[in-house]
Amino acid sequence: MRILGISAYYHDAAAALVVDGEITAAAQEERFTRVKHDAGFPTHAVRFCLDSAGLRPDQLDFVAFYDKPFVKFERLLETYLAFAPQGFQSFRQALPLWIKEKLFQKRLLADQLGAALDPAVNWNGKLLFSEHHLSHAASAFYPSPFEQAAVLTMDGVGEWTTTSLAHGKGNALEVLKEIHFPHSLGLLYSAFTYYTGFKVNSGEYKVMGLAPYGEPRYVDAIREHLIDIKDDGSFRINLDYFDYCTGLRMTNERFHALFGGPPRNPESRLGQKEMDLAASIQVVTEEIVLKLAHSVAHETGERNLCLAGGVALNCVANGKLLRSGAFDRIWIQPAAGDAGGALGAALGAYHMYKGGPRRIASSQRDGMKGGYLGPVYDTATIRQRLSSVGAQFEILEDSEVIDRCARALAAGMAVGWHQGRMEFGPRALGARSILGDARSASMQKLLNLKVKFRESFRPFAPSVLRENLSEWFDLEEDSPYMLLVADVRNEHRIAMTPEQQGLFGIDKLNVARSSIPAVTHVDYSARIQTVHADTNPRYHALIARFRDLTGCPVLVNTSFNVRGEPIVCTPEDSYRCFMGTDIDVLVVGNAYLEKSRQPEHLKTRYEEQFDLD
Ligand SMILES: [Fe+2]
């Protein structure tokens with residue numbers, strides 16, 4: 001049974017292939033087209049999925065789409081009518097598009113599958129449609145290592161649902177409760193993303209990163225005016241403060257008056273107010289997530305929880321949830337956003353529609369293969385493709401790749417690390433990563449300003465060998481997908497002097513908080529990736545070698561891209577990014593490249609090629 005899952009036409013188009021219940025390939029379209037959050041039909045991703053499995057298009061049994069366009073249209077229509085005449089302008093603009101394309105999405109999908117793969121196949125007969133939150137829930141439960149579990153999904157909005165509580169058992173998945181639009185935790189968080197001057201649907205991460213620098217002084221104002229939170233975690237948004245129903249803006253004048261002024265201009269200086277707002281919305285988000293988790297634990301009686309939906313990428317909230325003891329174990333789908341819907345739609349079709357059995361053994365970590373589900377390039381291909389762009393490189397033995405990279409890192413260099421299959425999901429996990437020495441006090445600034453071209457407050461995440469995890473962090477559980485935040489252990493911390501404590505906000509960034517300052521936030525926390533020898537042996541070997549050289553089993557791991565650019569996919573992408581930034585060493589498979597040996601004329605001013613995110 002071969003099922004292709006697709007998400008498209010909203011944000012983060014992607015494709016995933018599930019063969020007899022096993023996830024064999026998955027990738028986001030943006031990685032191929034180089035357009036961040038590309039939402040168009042994922043032509044390249046579907047071709048990659050079939051090619052990687054050696055399948056002909058007619059060998060697919062089903063193509064599962066991740067949401068139901070008719071139901072979404074009904075939601076838009078009803079919302080516009082309820083808010084008429086305010087929303088009429090955007091309604092009038094949106095309607096022709098809906099009528100022309102989205103209402104006929106089945107035909108559109110069939111046509112685009114034909115164009116991408118094979119026009120002779122009857123695609124109409126293969127198409128299935130899943131509900132948006134069911135796709136999220138399926139992506140959370142079916143690859144999890146749990147025979148049965150509670151499932152919680154939270155995002156901006158799908159068709160109507162913004163939050164769902166579900167119960168997974170064997171191959172069955174039952175939705176117990178839903179919260180509907182316009183009441184949405186994702187949209188509330190996005191409203192603060194907008195108001196603090198970041199891009200909605202991608203800047204939420206920055207708001208979370210900003211939170212530790214602020215004081216949660218607006219929590220009462222949020223609870224009093226913006227959202228009514230019940231004991232069971234259900235909530236109602238007060239729409240008097242928001243404009244998202246009419247599709248014009250996220251927030252309105254009343255919202256701005258409540259927080260004392262208009263939204264921040266996107267590239268203007270961040271102030272204490274933005275940090276305090278970030279800290280406040282983070283507190284409210286955590287409160288809701290915890291209450292919802294307790295409530296789904298109560299409803300299902302389960303001790304395991306699966307999470308997905310964009311809000312599940314809030315790893316600070318996830319860390320608190322884990323420590324709260326509401327559940328014994330938590331598993332979070334790494335592609336928690338809408339790209340992961342492609343995976344969920346295919347897994348749902350296999351288990352729920354076709355009644356296929358679960359395949360994940362409880363001895364396995366999960367069914368995601370470490371998230372390494374994308375394209376891979378062999379040495380011959382790497383050699384040919386790097387040569388074709390004029391790169392100067394040597395091909396090394398495996399052990400020498402590891403040793404030379406580890407030495408470069410120990411010497412304080414930034415290393416571009418392109419190895420094996422590309423990750424599925426928004427985080428780089430040691431397949432397409434930029435790496436650095438976590439012990440270096442200047443690494444965070446160097447990587448932010450000269451490699452990634454982004455705001456200096458943005459913290460980096462550590463990769464740590466699983467076997468050394470508890471020596472460095474207050475965490476016992478696996479966190480292979482960088483989705484849990486926990487504190488650096490006491491013995492590695494550096495206390496602030498009274499003078500340093502008097503500093504405000506971002507000025508605190510330059511104060512080293514631990515012996516691994518490049519990955520330690522101002523509140524001693526870190527967003528941790530545990531590295532496992534079974535899922536990524538080469539990355540594991542690199543960190544182990546670095547540990548032998550330095551005594552430290554921790555590296556800085558940030559995604560291999562610059563601000564506004566999708567993460568690199570091919571050897572050429574990696575070389576371009578290497579040549580346009582201050583990365584010192586690039587390694588693509590066994591090809592080793594030093595910046596000082598590259599032709600001068602190939603160096604570019606790379607950051608100008610991408611819109612700021
Ligand atoms: Fe979603």
Side-chain angles (χ1 to χ4, degrees), residues 5-16 26 28-30 36-40 42 45 64-76 79 102 105 129-143 151-166 173 175 177-191 193 199-205 208 235 237 244 247 250 285 288-289 292 306-315 317-318 332-348 424-427 481 483:
I6 289 179
S7 61
Y9 311 134
Y10 194 36
H11 17 83
D12 296 319
Q28 255 171 272
E29 186 68 1
E30 63 161 24
K36 193 145 182 166
H37 303 299
D38 195 336
F65 193 68
Y66 86 126
D67 75 2
K68 293 194 170 170
F70 267 107
V71 190
K72 199 188 267 180
F73 181 69
E74 175 199 79
R75 189 251 298 168
L76 289 185
T79 308
K102 309 212 175 179
Q105 210 157 62
F129 292 83
S130 165
E131 273 176 28
H132 188 103
H133 270 259
L134 195 60
S135 298
H136 280 315
S139 79
F141 176 60
Y142 291 117
V151 183
L152 179 58
T153 68
M154 300 161 288
D155 70 358
V157 60
E159 296 96 355
W160 278 102
T161 308
T162 65
T163 302
S164 80
L165 277 57
L173 182 57
V175 176
K177 275 187 181 167
E178 291 176 341
I179 298 173
H180 284 180
F181 184 84
H183 307 293
S184 163
L185 181 53
L187 289 175
L188 177 70
Y189 207 94
S190 293
T193 305
K199 245 189 200 171
V200 170
N201 289 332
S202 64
E204 283 74 9
Y205 237 80
M208 190 181 67
F235 51 82
I237 302 271
Y244 58 72
M250 292 304 294
T285 301
I288 295 170
V289 171
L292 283 169
C306 302
L307 288 172
V311 179
L313 294 171
N314 192 310
C315 38
N318 297 343
I332 306 153
Q333 165 56 245
D338 284 352
L343 193 60
L347 288 167
F424 182 54
R427 305 274 79 83
Y481 305 118
L483 286 169

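Atoms within each ligand, like the ligands themselves, are counted from 1 in listed order. Source: prediction; values computed, not measured. These values consider heavy atoms only, across backbone and side chains, with no hydrogens, waters or symmetry-generated copies. Residues take their numbers from the sequence shown, with the count starting at 1.
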Metal site the Fe ion (ligand 1), protein N/O/S atoms found under 2.8 Å: 4

Contacts of Ala13 meeting side chain to side chain contact (heavy atoms under 4.5 Å, CB included) (sequence neighbours excluded), chain-then-number -> Ala8, Glu29, Pro42

Within the structure provided, determine whether Ile237 and Tyr244 are in side-chain contact (heavy-atom separation under 4.5 Å). yes

Among Thr161, Leu165, Leu307, the one residue meeting side chain to side chain contact (heavy atoms under 4.5 Å, CB included) with Met154: Leu307

Results of ring pair (Phe, Tyr, Trp, His ring centres under 6.0 Å) for Phe424 - residues two or more places apart only: none

Whether the His133 and Asp67 side chains hold a donor-acceptor pair (N or O, under 3.5 Å, no angle test) is what I'd like checked. no

What pairs meet the salt bridge (charged side-chain N to carboxylate O under 4.0 Å, His left out) rule with one or both residues in residues 177-190, with sequence neighbours excluded? Lys177-Glu299

